[in-house]
Amino acid sequence: MCGIVGYIGTRNAQGVLLKGLSRLEYRGYDSAGVAIIESRKLNLVKRQGKLRILADVLKDDPSKGTIGIGHTRWATHGVPSDTNAHPHLDCTGKIAVVHNGIIENYLDLKKILLKEGHKFVSETDTEIISHLIEKYYKGNLETAVSRTVKLLKGSYAIAAVHSLEPDKVVGARCDSPLIVGLGEGENFMASDVPAVLDFTKEVIYLDNHEIIVLTRSGVTIKDYDGRTISKKSSTIKWDIKQAEKSGYEHFMLKEIYEQGDIVSNMLDERLRAGKISFEELAIKASAFKRFKKIAIVACGTAYHAGLTGKYILEEYVRIPCWVDTSSEFRYRNPIVDKDTLFIVISQSGETADSLAALREAKRRGAVTLGICNAVGSSIARESDGVIYTHAGPEIAVASTKAYTAQLAILYLLTFYLGKLRGAISPPKMKKLIAEFKRAPELMNELISEYKDPYNNIAAYASEFKRYYYEKHNKSYFLYLGRNINYPNALEGALKLKEISYISAEGYPAGEMKHGPIALIDENPWVVCIATQAKTYDKMLSNIQEIKARSGIVIALVTEGDKEIQHHNVNYVIEIPKIDELFSPLLVVIPLQLLAYYVAKKFGYDIDQPRNLAKSVTVE
Ligand code: M6R
C-alpha cells in the first residue's frame with residue numbers, strides 16, 4: 001500500500017526520489033508525485049498513472065533541489081487522479097505531506113478544519129494532515145508534526161517538509177512501516193528498504209509512535225512525548241540487484257524460476273549435520289515442548305502455506321492445529337492462550353490484519369512465532385521469535401517464491417518440533433530429511449522444462465484464450481485438489497484471478513459434488529491435481545464426473561503415470577516423482593506458470609495487476 005520516500009542531502013532530490021519510488025512501485029501504482037524544495041519554494045508535481053508518467057513530466061522541467069518527499073499511491077480515499085495524488089499541501093502551499101495508511105477520524109478533523117477556514121482540494125484523508133501541521137506551525141516543523149500526530153487515529157507513515165525549513169524532513173509512524181537510510185552528508189526515509197538500497201545499506205527500523213527528523217548531518221528519533229530515542233542501525237545483507245529483473249520479461253517469471261535455488265540454499269543454511277537449526281529464533285526449545293495446540297494465521301498466499309502447514313504439523317507433530325485468515329481471527333473470540341503456539345506467516349511482515357492478529361494473540365498470552373521474508377519487518381520484530389524464509393526481495397505482486405519458501409520452512413519447523421517432542425523417531429527423521437533434500441533439484445528440473453517458451457503450459461494458455469474468445473466469450477477455472485494439495489488448488493486459483501482477472505475457484509475435490517459440479521458444462525476448465533497415491537483413485541472419479549458433463553480437464557499427474565491416458569482428459573502436466581509429503585513444492589510451479597502464461601496471452605500487466613498492492617498495510 002502506498003510507498004513514501006524522503007530525502008535530504010547534496011544529490012539532486014528528484015533523481016533520488018524517482019529511483020526510490022521506482023523501487024517501491026510494487027506497493028501501489030495508481031498515481032505518483034514529488035514535492036521538492038528549491039530556493040525556499042515547493043516544487044510540487046503529481047500525476048495519475050504509473051511512475052513513468054510522472055518521470056516523463058519531470059524530465060521536461062527538472063527540479064534542482066536537494067531535499068524533497070515522494071509518493072506512489074494505492075488509492076483508499078478518493079479515486080486515482082492528479083488531485084488526489086500525494087503530496088498534499090496546506091493552504092499556504094508551504095507544507096507538503098506524503099502518507100501511507102488510513103486516517104480513520106479524518107472526517108471529524110476535517111469538519112473542525114473547515115470551520116476554521118481551511119480549504120481542501122482533494123477527497124483524501126491525507127490532506128487533513130497538511131492542514132493540521134499548518135494549524136500548529138509556529139516556525140518549527142517537528143513541533144507541528146508532533147502536535148498533529150497525537151490527533152490522528154488509524155495507521156500512518158508520513159513524511160513532511162516545509163519550504164521555509166529546507167534543512168529537514170520530518171516523519172512519523174503508527175502501524176505503517178517506515179525506515180531510515182543513513183548516508184554520508186545525506187539521509188533518507190522510506191516505506192521499505194529497497195527504496196534506499198541504491199544509496200546506502202545502513203538502515204534503522206522505526207517503531208510505532210516515533211518521530212524522526214532527517215537533516216544532512218544526522219537523524220534524531222523521538223517518542224511522541226519528545227524524549228530522544230537511541231536506536232542501532234542494521235546493515236542490509238542483500239543486494240539491490242536481487243530486486244531487479246535481470247533480463248526477465250517479468251519479475252513474476254524470475255521469481256518462479258528462483259524457487260528451486262531458494263529451497264536449496266535454505267536446506268544448506270538450516271541443516272547442519274542432519275540437525276535443523278533456526279539460529280535467529282529466540283524461543284527456547286523447552287517452550288516448544290509444552291504447547292498443546294498450534295494456531296496459524298496469515299492472509300492470501302501465506303494463508304495457503306499455513307493450510308498446508310496444518311496437514312504436516314498434525315501428521316508429524318501430532319498437535320491439534322487450526323488455521324485462520326488474519327482478518328477473521330481478529331474479529332472472533334478464538335481460544336488462544338499460553339498453551340498455544342501462535343504462528344503468523346507473512347512475506348512482507350507488514351500485513352495490517354496479520355500484525356493485528358499477532359498483537360491479539362500476544363494479548364491472550366500465546367507464544368508467537370513469525371515466519372517472515374522481510375528482515376526487520378514489524379511482524380518479525382513484534383513476534384516472540386522469528387524464522388526468516390530468506391527468499392530475497394519478492395517484487396511481483398503475485399507471490400510465488402515466498403510461498404514455496406514458507407512451505408519449506410513449515411516442513412523444517414514440523415520436523416524440528418516432531419523431533420523435539422518425540423513424535424518423529426531418529427530413523428524416520430533421517431528418511432524425511434533425505435527425501436526433502438531431493439526437492440530443490442526436482443523443482444529446478446521441472447522449472448528448466450518450462451524455460452522453453454513453447455512449453456505445453458504456454459500452449460494450453462493459448463488454447464484457453466482461443467476457446468475463451470471464440471466459443472464462449474467467457475470462461476473460468478475450477479481448481480480441485482485433495483489433502484496436502486488442496487491448499488495448492490486454492491493457490492492456483494488465487495494466482496490466476498490476481499493476474500488474469502479470470503474467475504477461478506479452488507475447491508477440495510471431495511466437495512465437488514456438494515455444489516461446484518453444478519457449474520460443469522463445456523465451459524469451465526477444471527485443473528485436477530492428481531499426483532497423490534493416497535487420493536489418486538478418488539481424483540480419477542472426480543475427473544470422470546467432470547468429463548461425463550463435458551468439462552475440460554487439465555490433469556497434474558506424477559511423471560510416468562500410465563493410467564491418466566484412459567480418462568479422456570484434455571491436457572496433462574507431469575510432475576517429477578517425490579514422496580507425496582513434499583509434492584506441494586512441485587505441484588505449485590505449473591500452477592504459477594499457468595496463471596503467468598494465461599495473463600501473458602491476454603496482455604495484462606503481470607507484475608502490477610490492477611487494484612492490488614504487494615503489501616496490504618491497511619485493514
Ligand atoms: O506479505 P504477506 O505475505 O502478509 O501478504 C499476504 C497477502 O497479501 C499476499 O499473499 C497476497 O495474497 C498476494 N498478492 C498473493 O499473490
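Counting starts at 1 for both ligands and their atoms, following the listed order. Residue numbers start at 1 and run along the sequence shown. Because the structure is predicted, anything quoted here is derived from the model rather than measured.
When all heavy atoms are compared, the tightest approach of A396 to D607 is CB-OD1, 3.5 Å. Nearest heavy-atom pair, A504 versus Y479, reported as atom, atom and distance to 0.1 Å: CB-CE1, 4.1 Å.
Numbered from 1 in the order shown, with element, the atoms of ligand 1 that lie under 4.0 Å from a heavy atom of A302 read 3 (O), 10 (O). Heavy-atom contacts of K495 reach the following atoms of ligand 1: 15 (C), 16 (O) (cutoff under 4.0 Å). Interface atoms of ligand 1 facing A398, defined by a heavy-atom separation under 4.0 Å, are 16 (O).
Taking 4.0 Å as the cut-off between side-chain N and carboxylate O, D30 and R610 do not count as a salt-bridged pair.
Contacts between E350 and ligand 1, counted as non-hydrogen atom pairs separated by less than 4.0 Å, are absent for every part of the residue.
The shortest N or O to N or O distance between V397 and ligand 1 is below 3.5 Å. In terms of N/O distances under 3.5 Å, ligand 1 is approached by S348.
Put simply, no part of S354 is less than 4.0 Å from ligand 1, judged by heavy atoms.
Exactly one of I379, D384, V386 qualifies for a side chain to side chain contact (heavy atoms under 4.5 Å, CB included) with T368. That residue is D384. Exactly one of I484, I578, I529 qualifies for a side chain to side chain contact (heavy atoms under 4.5 Å, CB included) with V587. That residue is I529.
Counting only non-hydrogen atoms, the option in T325, L612, T351, T389 that gets closest to atom 5 (O) of ligand 1 is T351.
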Derivation and outcome, ring pair (Phe, Tyr, Trp, His ring centres under 6.0 Å), residues W525 and Y460: CA-CA 11 Å; W525 284 40; Y460 301 164; 7.8 Å; no

